[in-house]
Amino acid sequence: QVQLVESGGVLVQPGGSLRLSCVASGMIFSISDMGWYRQAPGKQRELVASITGLGNTYYPSSMKGRFTISRDNAKNTVYLQMNNLKPEDTAVYYCNILGAGVWGQGTLVTVSS
């Protein structure tokens with residue numbers, strides 16, 4: 001019943017920007033800590049950013065400066081703003097309910113010229 005649906009992944013040019021969205025249903029979104037992860041072929045899935053229900057954010061050091069996570073509890077949506085994209089950012093990006101083992105289907109971001 002719990003469902004996460006990611007969207008917004010497209011082909012973008014290096015240096016470009018993109019905003020991903022994740023719409024949640026079947027859960028109490030406002031009290032759920034959420035995260036964005038990504039996985040490229042042959043690589044381990046890694047955390048991009050996380051945000052608590054209250055809005056506190058966390059970024060791994062490798063992600064700081066280019067990505068911003070935010071949420072709109074009225075819309076049951078968490079966002080990932082990505083700037084200055086690089087080819088190595090190419091991956092499937094997943095939404096996640098932290099600690100609950102619930103994932104979306106992912107949305108593909110391709111950074112290429």
Side-chain angles (χ1 to χ4, degrees):
Q1 187 173 351
V2 176
Q3 188 174 81
L4 303 174
V5 181
E6 301 96 336
S7 64
V10 295
L11 172 66
V12 296
Q13 303 294 310
S17 298
L18 192 64
R19 189 177 76 159
L20 306 182
S21 298
C22 172
V23 179
S25 61
M27 58 182 282
I28 305 176
F29 181 78
S30 62
I31 63 171
S32 298
D33 298 340
M34 306 294 296
W36 281 100
Y37 288 73
R38 70 183 184 184
Q39 187 168 28
K43 297 182 180 179
Q44 185 173 306
R45 186 173 297 188
E46 62 180 342
L47 177 68
V48 176
S50 65
I51 185 167
T52 69
L54 197 61
N56 298 311
T57 59
Y58 169 79
Y59 305 91
S61 59
S62 61
M63 304 295 176
K64 291 181 179 179
R66 298 192 297 120
F67 298 161
T68 302
I69 190 170
S70 62
R71 68 192 298 158
D72 186 340
N73 288 345
K75 297 181 178 180
N76 283 8
T77 302
V78 61
Y79 304 96
L80 182 68
Q81 178 67 46
M82 304 185 293
N83 299 319
N84 192 25
L85 286 164
K86 304 174 181 179
E88 53 263 42
D89 293 321
T90 296
V92 178
Y93 285 72
Y94 297 92
C95 189
N96 172 246
I97 304 173
L98 298 183
V102 179
W103 299 84
Q105 292 299 112
T107 185
L108 176 63
V109 173
T110 303
V111 185
S112 177
S113 59

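Sequential numbering from 1 along the given sequence is applied to the chain's residues.
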Gap separating the CG atom of Leu4 from the CD atom of Gln105, nearest 0.5 angstrom = 9.5 Å

Is Met34 reachable from Val92 through a run of hydrophobic residues whose side-chain heavy atoms are each under 4.5 Å from the next?
-> no

Which value, rounded to the nearest 0.5 Å, describes the distance between Arg38 atom CZ and Leu80 atom CG?
-> 9.5 Å

Enter the distance from Ile97:CD1 to Met27:CE here, rounded to the nearest 0.5 Å.
-> 3.5 Å

Compare every heavy atom of Pro14 with every heavy atom of Ser113, then report the nearest pair and how far apart it is.
-> N-CD, 3.8 Å

Write down the atom of Cys22, the atom of Trp36, and the distance for their closest heavy-atom approach.
-> CB-CZ2, 3.7 Å

Do side-chain atoms of Glu6 reach the backbone of Cys95 as a donor and acceptor pair under 3.5 angstrom?
-> yes

Between Tyr59 and Ile69, what is the shortest heavy-atom contact and its length?
-> OH-N, 2.9 Å

Pairwise distance CZ(Arg19) to CE(Met82) - rounded to 0.5 angstrom | 11.5 Å

Among the clusters formed by ILVMFWY side chains lying less than 4.5 Å apart, do Leu20 and Val102 turn up in the same one?
-> yes

What's the shortest heavy-atom distance between Ser32 and Ile28, and which atoms?
-> OG-O, 2.9 Å

Any donor-acceptor N or O pair under 3.5 Å, side chains Asn83, Ser17 = yes

Considering all heavy atoms, the nearest Leu85-Arg66 contact | CA-NH1, 3.9 Å

Is there a path of hydrophobic side-chain contacts, each under 4.5 Å between heavy atoms of I, L, V, M, F, W or Y residues, that connects Leu11 with Leu108?
-> no

Got a donor-acceptor contact below 3.5 angstrom from the Thr90 side chain to the Val111 backbone?
-> yes

Rounded distance (nearest 0.5 Å) linking atom OG of Ser30 with atom CG of Asp72 | 11.5 Å

Shortest non-hydrogen pair, Arg71 vs Ile51, comes out as NH1-O, 3.5 Å

Should Val2 and Val78 be counted in the same cluster of Ile, Leu, Val, Met, Phe, Trp and Tyr side chains packed under 4.5 Å apart?
-> yes

Ring centre gap for Trp103 and Tyr37 strictly below 6.0 Å = yes

What about Tyr58 and Leu98, same hydrophobic cluster or not, with Ile/Leu/Val/Met/Phe/Trp/Tyr joined at side-chain heavy-atom distances under 4.5 Å?
-> yes

Going by heavy atoms in the side chains, are Leu18 and Val10 under 4.5 Å from each other?
-> yes

